[in-house]
Participant: 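First the structure, which I've put down as structure tokens, then a few questions once you've had a look.
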Amino acid sequence: MATIDRSRERREEIEAILERKPGVREVRDEADRYTVVGAASRGTYANWLTPVEEHFVCHRNAIPEIEDDSWTVSFSGGLDGEASVAELTERFPTVAVAHTMECAGNGRGQHDPETASVQWGFEAAATAVWTGVPLSSVLRAYAEDLPESGWLTAIGGDPGEEGVFARSIPLEKATDECILAVGVNGQPIPAEHGYPVRLLVPGWYGVNSVKWLDELRLADSMVTEGALDRPGSHARWQQEDYRIHPAGESPEPMATVETFDTWDQLRSEEIDHPYTFDQHVMSLIGAPDGEEPVRAGSVDVCGVAWAGDDSVEKVEVSFDGGDSWTEAERFGPDYAGAWRLFRTSWEATPGAHTLVSRASDDRGRTQPATIGTPEEGFGALDSGRYPWNEGGYAANAFLPNAVEVEVEPSE
Ligand SMILES: Nc1nc2c(c(=O)[nH]1)N[C@H]1C(S)=C(S)[C@@H](COP(=O)(O)O)O[C@H]1N2
Ligand SMILES: [Mo]
């Protein structure tokens, strides 16, 4: 049976990735539907650049088999034509963007009660430098007349049992800093990350960065069922999955939204069930990692913080589980769409301590402490809690990411 085969195929895919990438480990997928591995250790978050070996992987269907360089991207809707990867890279300038990839399901495993699917803790986040061609140049070249606004739908070349993997982003974002990526951290994109070409949407949840890009389609609206000339479901990944909704509610498809900031959508009267676009403000401590005891005295605490399209305005660290806070210093590379490093010094005393970080963005929005209950719904926001939601999306509470550190007396 097809489903059993897919399960075995997925197992083999995960085993092969684990062998190639020593810095990742498998993550529990309740429904056995995704190929997923996450950063193997907290130490990933003590560095600005994530080696590909430590970069998480997340996709639903089988990796398409690519035997030669015959892969093309086709253009449709208000766009027209087709281009091989070589044509794209020859015709358009090479650019690089730094991007913090974060799965919209990062933190799902922190929902209580548990939601279905992949039980990520905090391991589905990584920052890499992606190289490719500016999407704005490509769109200008293949559009008859590029409009000011509208939606760009990207379709993956991964064969899906239930339909195509298609995601829509607003044209404003598409022509801003997005690229069609062919390389990552100085090497060709590995198969599991989208070889030979993927869309890269800086600062937005990972699901928007469609791997194994097959088609780009311009339209007035987001993808809805029946919008594409293809078999199976077209709109599942845009209109059903990857939308934030309370228990027992099913999202209604929408043609368009005016608000792209995911947090603003949560707060919006017009949008009942937000789309996972721009990332919420988030932070993680990378060192100390809690795996080995540290010596009493002055200890360097280091981590990363990000805020999607917004910038990180403040990072605070607590050494007592969130009772008191000290402001950390931000340092290192500062690129839109990528995380910042932070550090502070801790006078560690013998015993067990709970370290946790919390970041705020430039609009004054701070990570909530905890995730609410299913009964609270979006009302949890009013008491400073992240709303428990059925898909377990976009959780950015800080307490679940705390690290327990054992401090030994100094000699
Ligand atoms: N074609 C295609 N693109 C995809 C997916 C997929 O299943 N198919 N998964 C998305 C999701 S949910 C995430 S989080 C990111 C992960 O990118 P990575 O595996 O390179 O880390 O890819 C996105 N792009
Ligand atoms: Mo994801």
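Along the sequence shown, residues are numbered consecutively beginning with 1. Atoms within each ligand, like the ligands themselves, are counted from 1 in listed order. Hydrogens, waters and symmetry mates are skipped; everything else that's a heavy atom, side chains included, is used.
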Participant: Please report which non-hydrogen protein atom sits nearest to atom 5 (C) of ligand 1, along with the residue it belongs to and the distance in Å to one decimal place.
Facilitator: F165 CZ, 3.5 Å
Participant: Report yes if W130 has an N/O atom closer than 3.5 Å to an N/O atom of ligand 1; otherwise report no.
Facilitator: no
Participant: Would F56 and W120 count as a ring pair (Phe, Tyr, Trp, His ring centres under 6.0 Å) here? Give the steps.
Facilitator: CA-CA 11 Å; F56 80 93; W120 299 110; 5.7 Å; yes
Participant: What atoms of ligand 1 come within less than 4.0 Å of a heavy atom belonging to C103?
Facilitator: 14 (S)
Participant: Identify the protein heavy atom lying closest to atom 15 (C) of ligand 1, giving its residue, its atom name and the separation to 0.1 Å.
Facilitator: G206 O, 3.4 Å
Participant: Taking the six-membered ring for Trp, are W204 and F260 parallel (under 30°), tilted (30 to 60°) or perpendicular (over 60°)?
Facilitator: tilted
Participant: Quick one: which ligand 1 atoms are inside 4.0 Å of a heavy atom on V210?
Facilitator: 1 (N), 3 (N), 24 (N)
Participant: Classify the ring geometry of Y335 against W48: parallel below 30°, tilted from 30° to 60°, perpendicular beyond 60°.
Facilitator: tilted
Participant: Scan side-chain atoms only and decide if E390 and T115 contain a donor-acceptor pair under the 3.5 Å cut-off.
Facilitator: no
Participant: Looking only at distance, does H59 have an N or O less than 3.5 Å from an N or O of ligand 1?
Facilitator: no
Participant: For atom 16 (C) of ligand 1, what's the nearest protein heavy-atom neighbour? Residue, atom name and distance, please.
Facilitator: C58 O, 3.6 Å
Participant: Among pairs that include at least one residue of residues 254-276, which meet salt bridge (Lys or Arg N to Asp or Glu O under 4.0 Å), considering only residues two or more places apart or in two chains?
Facilitator: D261-R363, D261-R365, D264-R363, D264-R365, R267-D382
Participant: Are there more than 12 heavy atoms of other residues, nucleotides or ligands under 6.0 Å from atom CD of Q187?
Facilitator: yes
Participant: In ligand 1, which numbered atoms sit nearer than 4.0 Å to a non-hydrogen atom of S209?
Facilitator: 22 (O), 23 (C), 24 (N)
Participant: Are the side chain of E376 and the backbone of T373 linked by a donor-acceptor contact shorter than 3.5 Å?
Facilitator: yes
Participant: If you measure only the distance, is there a donor-acceptor pair under 3.5 Å linking the side chains of Q279 and N396?
Facilitator: no
Participant: Distance to 0.1 Å, residue and atom name: give those for the protein heavy atom nearest to atom 19 (O) of ligand 1.
Facilitator: K211 NZ, 2.5 Å
Participant: Which of the numbered atoms in ligand 1 are under 4.0 angstrom from any heavy atom belonging to W212?
Facilitator: 1 (N), 2 (C), 8 (N)
Participant: State the atoms of ligand 1, each with its element, that fall below the 4.0 Å cut-off from a heavy-atom position in G156.
Facilitator: 1 (N)
Participant: Is it true that S168 and W151 share a donor-acceptor pair across their side chains at a distance under 3.5 Å?
Facilitator: no
Participant: Mind checking whether R60 has an N or O less than 3.5 Å away from an N or O of ligand 1?
Facilitator: yes
Participant: Are Y242 and ligand 1 in contact, using a heavy-atom cut-off of under 4.0 Å?
Facilitator: yes
Participant: Would you kindly check if the NZ (Lys) or CZ (Arg) of R60 is within the cone defined by 45 degrees around the ring axis of Y242 and under 6.0 Å from the six-membered ring centre?
Facilitator: no
Participant: Report the part of Y205 in contact with ligand 1, treating N, CA, C, O as backbone and CB onward as side chain, heavy atoms under 4.0 Å; options are side chain, backbone, both, neither.
Facilitator: neither
Participant: Got a sec: does the CD of E144 have more than 12 other heavy atoms crowding it under 6.0 Å?
Facilitator: yes
Participant: Applying a 4.0 Å heavy-atom criterion (strictly less than), which segment of H55 is in contact with ligand 1: side chain, backbone, both, or neither?
Facilitator: side chain
Participant: If the contact criterion is a heavy-atom separation under 4.0 Å, does R198 count as touching ligand 1?
Facilitator: yes
Participant: Taking only heavy atoms of D158, which atoms of ligand 1 are found under 4.0 Å from at least one of them?
Facilitator: 1 (N), 2 (C), 6 (C), 7 (O), 8 (N)
Participant: With nothing but distance in play, are any N or O atoms of F56 less than 3.5 Å from an N or O of ligand 1?
Facilitator: yes
